[in-house]
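For reference, the structure is listed below as structure tokens.
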Amino acid sequence: MKTLFMSDLYPYFCDELSELGYKIIPTKNIKVFHKPERRHADMQLLKIQNVLFSLKDCRKTIGKSYPENISLNCLFFGNRLYGKLSAVDDVVLDFCKDNRIETVNVNQGYTRCSTLIISENAAITADKSIEKALKSHWADVLLISAGNIRLEGFDYGFIGGAGFTDNGKTYFFGDVSQHPDYEKIKTFCKTHNSNIEIICPSEPLTDIGGVVVIENE
């Protein structure tokens, strides 16, 4: 059994994952953030290798507005850290330097929100700057259209916040089959040996702020 840090704003997603054998730890309600982002795991937690960073570790002042709200919203992928480096917290950058982890700057500050990792070398995003950065380091990237993902309080959410990959499956929060690029997404996941699993298919595809997966000892 693995542990998932995730928002419990939509408890039915948590309930279904619990039935699949996951232990759920609800994220905190970070009141300094805009209301739709307050419980988002990708805004308050960052896992690099086996180290988990949280907002209490940050040296920078966390604020409501961009870019003060994205100190931990980075993408650790392919043993590199991608993010808007001017906004990434110093404790993270120092850790990367000490552990010889390359850091790559991208224009999209919500880097983790915007990227769904499918395998060690494959990811899905709607952001062209992320696509360019990942491809420059030999990753296979599927670029999809923006939108068509629920995020209450905003026009739309991001693909990285609407799913996660674990143990050969890519889980989506809500009915990803209604996304206009679903066939591309399904083929891409299959190409990288990951089967799609829809959590609560009666719900629309929803950005819940992603999931941080922890291996239980």
Legend entry - Inter- and intrachain pairs under side chain to side chain donor-acceptor pair (under 3.5 Å), touching residues 85-100, at least two apart: Arg59-Asp94
Inset, instruction - Any side chain to side chain donor-acceptor pair (under 3.5 Å) involving residues 17-26? Give me the pairs, sequence neighbours left out, ordered by first then second residue. - result: Tyr22-Asp166
Inset, instruction - Please list, chain by chain and in numerical order, all residues satisfying salt bridge (Lys or Arg N to Asp or Glu O under 4.0 Å) with Glu68, sequence neighbours excluded. - result: none
Legend entry - Results of salt bridge (Lys or Arg N to Asp or Glu O under 4.0 Å) for Lys186 - residues two or more places apart only: Glu183
Under 3.5 Å donor-acceptor, [X] side chain and [Y] backbone:
X	Y	result
Lys60	Val88	yes
Ser129	Val106	no
Gln44	Arg38	yes

For a quick test of your reading: what N or O donor-acceptor pairs under 3.5 Å do the side chains of residues 136-147 make, sequence neighbours left out?
unit_1 : atom_1 : unit_2 : atom_2 : d
Ser136 : OG     : Ala133 : O      : 2.6
His137 : ND1    : Tyr82  : OH     : 3.4
His137 : ND1    : Ala133 : O      : 3.1
His137 : NE2    : Glu102 : OE2    : 3.4
Asp140 : OD2    : His192 : NE2    : 2.7
Ser145 : OG     : Asp181 : OD2    : 2.8

Inset, instruction - For Asp15, enumerate each residue passing the side chain to side chain contact (heavy atoms under 4.5 Å, CB included) test, keeping only those at least two apart in sequence or located in another chain. - result: none
Inset, instruction - May I have the step-by-step check of side chain to side chain donor-acceptor pair (under 3.5 Å) for Thr165 and Thr170, ending in yes or no? - result: CA-CA 4 Å; Thr165 299; Thr170 298; 3.0 Å; yes
Inset, instruction - Please assess Asp127 against Phe158 for the test side-chain contact (heavy atoms from CB on, under 4.5 Å), listing each intermediate value before the final yes or no. - result: CA-CA 10 Å; Asp127 188 272; Phe158 298 105; over 6 Å; no
Inset, instruction - Please report the C-alpha distance between Ser177 and Asp175 in whole Å, then the side-chain angles of each, then the deciding distance to 0.1 Å, and finally whether the side chain to side chain donor-acceptor pair (under 3.5 Å) criterion is met. - result: CA-CA 5 Å; Ser177 71; Asp175 191 4; 2.4 Å; yes
Legend entry - Least distance between heavy atoms, Glu203 atom then Arg150 atom: OE1-NH2, 3.4 Å
